[in-house]
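Here is the structure we will look at.
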Amino acid sequence: YAKIRTLIAQTSFFVSHNAEFDYSFLVRLFPEISEKPWLCSMRQINWRRFGYYSRKLEHLLIMHRIPVDTLHRAKDDCYALLALLNQPTIEGKTYLWELLQHFRNPLVGRIPG
C-alpha cells in the first residue's frame, strides 16, 4: 500500500476505460485518489463519431485488431487500453489526444464514491 500511495502522490491524473467502476472501489482503498482528475476513455471519447457503436473495451480492441491474452485482468486491460489510446483516429490524431481534450473538464468530483 505504501508503494501505491507513493505512485498516487506522483500522479497528475488517472485514465480508465470505465472510470466510475474503477473509482468506486479504489477510492475506498485509497481515499486520496478522489483529489486527482479522472479521465474516462469509455465516456469521454465519442466512439460513435469514429464509427464504433459499442464503447466496450473488448469490442474496441477487436475492431482495432489489438490482441489481448486475457480480458478483465487489471494489468492486461491497462496494456490493452494503452495500445488502443495510441491508435490514430480517422483525423490522424490519437485517441489519447482526443481524451486529453477533456482534461479541462475531468470527472473528478463527479464520480460517485
(message) Tell me whether Y1 at atom OH has more than 12 heavy atoms from other residues, nucleotides or ligands lying less than 6.0 Å away.
(response) no
(message) Show, in sequence, the C-alpha distance, side-chain angles and deciding distance for L84 and L57, and conclude whether the side-chain contact (heavy atoms from CB on, under 4.5 Å) test is met.
(response) CA-CA 9 Å; L84 177 63; L57 182 58; 3.9 Å; yes
(message) Closer than 3.5 angstrom, by distance alone: can the side chain of R28 be matched with the main-chain N or O of S24 as a donor-acceptor pair?
(response) yes
(message) Between W47 (side chain only) and S41 (backbone N and O only), is there a donor and an acceptor less than 3.5 Å apart?
(response) yes
Distance, nearest 0.5 Å, that separates [atom1] of [X] from [atom2] of [Y]:
X   : Y    : atom1 : atom2 : answer
D77 : L82  : CG    : CG    : 11.0 Å
L29 : R5   : CG    : CZ    : 8.5 Å
C78 : D22  : SG    : CG    : 8.0 Å
L99 : L39  : CG    : CG    : 4.5 Å
R43 : N18  : CZ    : CG    : 5.5 Å
L96 : Q101 : CG    : CD    : 9.5 Å

Contact check, side chains of [X] and [Y], non-hydrogen atoms, under 4.5 Å:
X   : Y   : answer
L60 : H17 : yes
F13 : K36 : no
I66 : Q87 : yes

(message) Quick check on the 6.0 Å ring-centre criterion: do H64 and Y95 meet it?
(response) yes
(request) Give a yes or no on whether the ring-centroid distance for Y23 and W38 is below 6.0 angstrom. (result) yes
(request) Apply salt bridge (charged side-chain N to carboxylate O under 4.0 Å, His left out) to R49 and list each qualifying residue two or more places apart in sequence or on a separate chain. (result) E91, E98
Check for me, please, whether [X] and [Y] land in the same ILVMFWY cluster - side-chain distances under 4.5 Å, paths through other members count.
X   : Y    : result
I62 : L85  : no
M42 : Y52  : no
I33 : L7   : no
F50 : L100 : yes
I4  : F14  : yes

(message) Restricting to non-hydrogen atoms, name the atom on S12 and the atom on P37 that form the minimum distance, rounded to 0.1 Å.
(response) O-CD, 3.3 Å
(request) Please report the shortest heavy-atom distance between A19 and C40, naming the atom on each side. (result) N-SG, 3.5 Å
(request) Could you list all the salt bridge (Lys or Arg N to Asp or Glu O under 4.0 Å) pairs where at least one residue sits in residues 78-90, not counting sequence neighbours? (result) none
(message) For Y53, give me all partners under ring-ring contact (aromatic ring centres under 6.0 Å, His included), at least two apart in sequence or on another chain.
(response) none
